[in-house]
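Below is one structure, written out as structure tokens; the observations come after it.
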There are 2 protein chains.
Amino acid sequence: MSKVAKFNREEVIDKATNLYWSKGYHGTSMRNLQTAIDLRPGSIYATFGSKDNLFKESINYYAAQTGELLEICLAQSATPLTGLKLFIRNLVIDNLDGKPSCMCMIVKSISELTDTDNKELLDEAKRLLANVENKFSEIITEAMAQGEIDSDKDASELASYIQVQIIGLRTYARVNNNEETINKFIDEIFIGSPFY
Amino acid sequence: MSKVAKFNREEVIDKATNLYWSKGYHGTSMRNLQTAIDLRPGSIYATFGSKDNLFKESINYYAAQTGELLEICLAQSATPLTGLKLFIRNLVIDNLDGKPSCMCMIVKSISELTDTDNKELLDEAKRLLANVENKFSEIITEAMAQGEIDSDKDASELASYIQVQIIGLRTYARVNNNEETINKFIDEIFIGSPFY
DNA sequence: TTTTTAATGGAACACTCGTTCATTATACAG
DNA sequence: CTGTATAATGAACGAGTGTTCCATTAAAAA
């Protein structure tokens, strides 16, 4: 046949993801991407088609990575809930070195993109966030089966609650990253609000 | 003297705020603003100096408006905590008709802007969010004085907690706006997590 | 070694960006 | 009514945008 691409596709997507993650969709230009991933326009457009499509692949890659982290945390932990807690601690406190942002790339995208100007990408981000919530719901259902949570609770409602807490904490951490306070908040997710 | 400006400054800032709020800093172009506020570049630059400065005035206007809403809620309520709860309910559920976004403009800005590219605007947004948190802290201190909360709690920690909850809920509401669930979450802020 | 085929590099396109400025319009002072 | 000061206009600027195009390059197949 012919020549084969010399760059590593996943490596390129990884770099693109980091740039989009740190600067956002509108804040990232194709020139920025060209230098970050070290490819010329011809190669980028032959491989990914458009800025929008590269973003779509990037945010999917991000979601997949996050999913893997969750699996690792669950595998390392004795129970579903302690696994979930480890996952949250990883996202909000540890594991941030060299990461483009302490905020969730999906949440950043949902915050930035609009229904009028970027409907397709926004819907993709919403879909990925819903996937995560479904995964949480499964974990909580498993925790109920194991007796770690009362079975009369609503798994999908608890999953929503976890989602709200993670979104709130990661965003708040961008402004005020007091590790002690945030650690306390993570503990309190599962035991009751500090008001109680 | 001479001619006097015929447009209303606050009206213009109000319209600019709504546009920035819905489309974000990078998503809003000066052309978008020109048509939204019905002023030509000359007038805009003579009055506001730059896109950055207009954004700064807009986000300050937004923060002032939000502060006024909080005052109204407190004045309408019997106790500091019920006032705070009314405020949260207003932000997350009611009072959204015709609003550019259910999300907080300050949080959207903190999410979008970067230290490297927009340091000054980012710092301004962080400052405004800290102001809100200080106000929460004052309200909670007042609630302690009135015996509505145990006095041995840490007011500034509770204020952080409120901040996390509002950020989480408003952002989550953008994706999944189930009024019943969100109402329940607002109640639970002050009485204990659904896990408890 | 030759042919074939796709990856690559990078100039260039049409358009939009934030911003400037010479010009025109208008209201008030004299 | 005239002169003057300032607000408003909108064409235009240089730089940057996402994207296209195609000559060149390089490696696999014949």
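Numbers restart at 1 for each chain; the letters A, B, ... are given by sequence-line order, proteins then strands. What you see is a predicted model; the values in this text were computed from it and never measured.
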Original post:
Which of these nucleotides, C:dG9, D:dA8, D:dT9, is closest to any side-chain atom of A:R40?
Top reply: C:dG9
Subject >> Worked verdict on B:D14 versus B:T17 for side chain to side chain donor-acceptor pair (under 3.5 Å) >> reply: CA-CA 5 Å; B:D14 185 77; B:T17 302; 5.9 Å; no
Original post:
In Å and rounded to the nearest 0.5 Å, what is the CD to OG distance from B:E157 to B:S137?
Top reply: 11.0 Å
Original post:
Picking from A:T116, A:D117, A:T114, what satisfies side chain to side chain donor-acceptor pair (under 3.5 Å) with B:K23?
Top reply: A:D117
Original post:
For the pair made of CG in B:D38 and P in D:dA7, what is the distance, rounded to whole Å?
Top reply: 18 Å
**OP:** Tell me, please, whether A:Y25 has A:K51 positioned over its six-membered ring: NZ or CZ under 6.0 Å from the ring centre and within 45 degrees of its axis?
**Re:** yes
Original post:
For B:L33 and C:dT16, what is the distance between atoms CG and P respectively, to the nearest whole Å?
Top reply: 16 Å
Original post:
Does a donor on one side chain sit under 3.5 Å from an acceptor on the other, for B:S160 and B:E133?
Top reply: yes
**OP:** Write down the distance between CZ (A:R9) and C1' (C:dT8), rounded to a whole number of angstrom.
**Re:** 16 Å
**OP:** Using whole Å, report how far CZ of A:F7 lies from P of D:dT25.
**Re:** 20 Å
Show every donor-acceptor pair shorter than 3.5 Å between a side-chain atom in residues 37-49 of chain B and any protein atom, with sequence neighbours excluded, or say none if there are none.
unit_1	atom_1	unit_2	atom_2	d
B:D38	OD1	B:R40	NH1	3.3
B:D38	OD1	B:R40	NH2	3.2
B:R40	NH2	B:D38	O	3.4
B:T47	OG1	B:S43	O	2.6

Original post:
To the nearest Å, how far apart are A:N8 CG and C:dA7 P?
Top reply: 15 Å
Subject >> Whole-Å gap separating P (D:dT19) and CG (A:L54) >> reply: 10 Å
**OP:** Report the distance from atom CZ of A:F48 to atom P of D:dG18, rounded to the nearest whole Å.
**Re:** 16 Å
Original post:
To the nearest angstrom, how far is A:D117 atom CG from D:dG18 atom P?
Top reply: 15 Å
Subject >> Where protein sits on nucleotides 17-25 of chain C, one letter per nucleotide: B base, S sugar-phosphate only, - none, heavy atoms under 4.0 Å >> reply: BBBBB---B
